[in-house]
Structure formats: C-alpha cells, structure tokens
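Working notes for the structure below.
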There are 2 protein chains.
Amino acid sequence: MLYRSVYDKAMGNKEEIINVATRLFASRGYDVVGIQEIVDQAGISKPTLYHYFGSKNGLLTAIMELNFRRLLLGLGPATVYSGDLPLSLTEIVRVYFKFARSFPEFYRLHLAFWFSPPASAGFLAAKEWWEKQQQLLEILFMLAANDHGNMKDRHRIYAATFLGTINTYIAIFLNGYADLNEEMVHSLVKQFSHGIYS
Amino acid sequence: MLYRSVYDKAMGNKEEIINVATRLFASRGYDVVGIQEIVDQAGISKPTLYHYFGSKNGLLTAIMELNFRRLLLGLGPATVYSGDLPLSLTEIVRVYFKFARSFPEFYRLHLAFWFSPPASAGFLAAKEWWEKQQQLLEILFMLAANDHGNMKDRHRIYAATFLGTINTYIAIFLNGYADLNEEMVHSLVKQFSHGIYS
DNA sequence: GACATGTTATACCGATCGGTATATGATAAG
DNA sequence: CTTATCATATACCGATCGGTATAACATGTC
C-alpha cells in the first residue's frame, strides 16, 4: 500500500490527540481546556493539531463523529421494529448501556453537552447526532403505534422520554450510584413501558 | 432604617448583575462568558461587580445560593412524610415543575452543571445544593421504607432516580417537546412508583 | 538526485481573559 | 463641615487564549 508508514504515523498522532482531548474535555470542560495543554499531553505541538483538525471546534467535531458512529452502528439494528416493542426497547437499552460502559469518558462529555447552553460549541457539535438517535427511536415508536392504539401521535415525546430515561440511568451509573447490569435493563424497560401502555 | 437608600441602590445593582449573568451563563455557558460582557449589559463597570462578588466564581456561588434557596423553601415542606408516599411524590414533582416554569433560565443553567465535568467550576458550585435535595429525598424514602418492605436499603438510588426522572421531564419541557401540566405530574409519579413497588 | 507531498517545530500574532491599583462620587454620622 | 464608609469608574496588569507564518524534516515518486 502506498504511503502506508506515513499514514500509520499520522493516524497514531491523530488518535492520540483525540484520546487526550476527550479525557481532558470530559474531566474539566471543553471551554477551559486549552489547545496547549492537549498538545503537551499528546507529545506534539500546536501546528500538528491544527494540521489534522483545522480548529479547536474541528477537533470537537471529530470526537463526536468517531464516537457517535460507534453508537449508531449498534443502535441501527436494535431499532428495527419486529412487532415486539418491549423486545426492541430492551435491546436498545442494552446497546446504550454497553456503549456507556465502554466509553464512559465520552459518555460523560456528551451528557454534559446534552444540557449545555443551546448556543454553546458543545451543544452544536452534538446536536445533529442526537437528532439521528431521536429519529431512529421515533420511527420505531411510529411503527409500533399501529399495534398499540393509545400511542398515536405521541412518538416524539416517547422517543424523548425514553432517551432521557436511559441517560438518567447512565448518569447514575457514572456517578457511582448503581451498576448497569441486566437487572437494570429490565427495570428501565418495564418502568418506561408502564408509562406508555397505561 | 439606617443606610436604607444606599442599600436600595446597591441591591438594585446586585440583582441586576445576577439577572444578567444568569441569562448569559444559561444561554452561552459560564466559561465562555466574560466579566466584561456581564458588566456592559448590566450597565456598570468591573470594579462594581468585584465589589459585590469578589470573583467570577463568587458571582456563580451567589446565583446558586439565591435560586436554590427558593427551591428548597418549597421542597422542605413537600418532603415531609405523612404516611402517603405517592402523595408526597406528587407534591414534590409539583414543586419542581413550578420552580422550573418560574425560573427556566436558571433551571437550564443548573441542569448543565448537573452533568458538567466533576472538576468544573459549575459542578462544584452546585454540588452542595444537589446534596441537600438528595438528602431530603433520601429521608423521605427511608421513612417510607418502614411501610413498604421491598424498599429497604434502596433509598439512595430511589432518590437519585426520582430526581433524575424529574430532571428528564423538565429538560424535555425546556426543549419544547412537552408542557409541564398536572397530567405530566401524575404520569411521572405513576411511572416512577411502578418502578418502586414491583 | 530532483521533486512533490505530507508532517512537524519554533516563534510569534492580536485579542481577550480574570482581576486590580488608584482615585473620585455619593451618602450618612458626628 | 469634617470624617468614615460604601460605591463606582478609568486605566491598567500579566497570563493565556485560539490560531498562524515560516521553515525544516521525513517520506515516497520519478
């Protein structure tokens, strides 16, 4: 392959920058962490970072894209409606829990952006990805509405509430109050389902 | 009264600074909003702000204290256990919903801090106030556990989940997905209660 | 070896950050 | 009318911010 060794080196640096930045952003905040601190801890210099990402916001965009792609990769299949809504919901919760356990630092970062000021860089960088999640869930609830009469025209709020509930549980996990085991999965689904069907 | 007119003027400026800062912090973020912008919009100059609050962090502390006092004022009576847990929970949700509707800008700000990095200024400024809310709820669930056998030793996670659920609904309201009416109050309580008793 | 491409470091930019030294008004007490 | 206190403004501080101009270096092509 052409340029193999060159790209290897480049990708190594690129990933290292992303990893360092994700950790720093998650632990202290996107706005207060300076570029200098990132490049120092990554063992490179500023022009290298700007060579790869163009700007601080470009770096943030890259972090969002990399991680949300991972999430959506698992979420896509889980949101396919098979006629059994509780089964789909269960699978979706499993996907989120597994993702949060695999990338807790990123999940904390993206949760912070979730409630960040609508005009902040973090909110804007993550917005399109939430809309994709919301869309996947809305489609599922819309299809399921054909089988559950009392769900009609409520797919948007169901999707939002379901996502919110999932994030609540994950936040509790991230703060050390509980584990994200299979029992929690079923507890969440049962609780949410009860709010829907009654 | 002594110093009356002096303090009147002072309080007017002090409140104006708090109002302006709350709005700016909530809409764009604590870290990115500079002192200069706050004093410009408040129609004063920097030394005046530092005279009242000492530092940017002091201003943030004052904002937290003012608003959380308002919230806890209503939350205290609502968390008194009377033997009817669902009734208490309903009243608590009403208090939170009313507060969120009265001070949406502050609620957005404090929700952002809820998930902010643990080492960030916002998280640290709000931490002690969350702990007070958590404590009030824990006591309620602990007392209620005497009447509900299957609740024992779970008061901490119940308090955390309940608070998280409330904040989820409020976040959905703040994003324009739903209203915080009496129907939502009962929906929330019913849904949460189902997760507890079963 | 000449050349093109991609990668990196040194050193710097203007702007803005949070915070303050100094001085002046305003107000009330004696 | 003096004096003390609070309140406020002008002008400034060093530090750091995101970002870049310039040049050197590494690598693969021809």
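Numbers restart at 1 for each chain; the letters A, B, ... are given by sequence-line order, proteins then strands.
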Original post:
Which of parallel (below 30°), tilted (30 to 60°) and perpendicular (above 60°) describes A:Phe99 and A:Phe106?
Top reply: perpendicular
Subject >> A:Tyr52 side chain near C:dT8 phosphate (N/O to OP1/OP2, under 4.0 Å) >> reply: yes
Original post:
Which nucleotides of nucleotides 18-25 of chain C have their base under 4.0 Å from a protein heavy atom (B), which only their sugar-phosphate (S), and which neither (-), written as one string 5' to 3'?
Top reply: BBBB----
Original post:
Closest nucleotide of DNA chain D for A:Glu37 versus for B:Ile44: which of these residues is on the 5' side?
Top reply: B:Ile44
Original post:
Between B:Phe162 and B:Phe141, what is the ring plane arrangement, given parallel below 30°, perpendicular above 60°, and tilted in between?
Top reply: perpendicular
Original post:
What orientation do B:Phe123 and B:Trp130 show, parallel under 30°, tilted 30 to 60°, or perpendicular over 60°?
Top reply: perpendicular
Original post:
To the nearest Å, how far apart are A:Leu49 CG and C:dT7 P?
Top reply: 14 Å
**OP:** Could you tell me whether the phosphate oxygens of C:dA9, OP1 or OP2, come under 4.0 Å of any side-chain nitrogen or oxygen in A:Thr48?
**Re:** yes
Original post:
Counting distance only, does the side-chain N/O of B:Asn175 pair as donor-acceptor with the main-chain N or O of B:Tyr177 below 3.5 Å?
Top reply: no
Original post:
D:dT16 P sits how many Å from A:Asp40 CG, rounded?
Top reply: 12 Å
Original post:
Quick one: is B:Asn13 getting a side-chain N or O under 4.0 Å of the D:dA7 phosphate, OP1 or OP2?
Top reply: no
Original post:
Does any N or O in the side chain of A:Ser27 come within less than 3.5 Å of the main-chain N or O of A:Arg23, such that one atom is a donor and the other an acceptor?
Top reply: yes
Original post:
Can you check the B:His51 NE2 to D:dC6 P distance for me, whole Å?
Top reply: 7 Å
**OP:** Taking all non-hydrogen atoms of both residues into account, name the closest pair between A:Ala78 and A:Ile92 and its distance.
**Re:** O-CG1, 3.7 Å
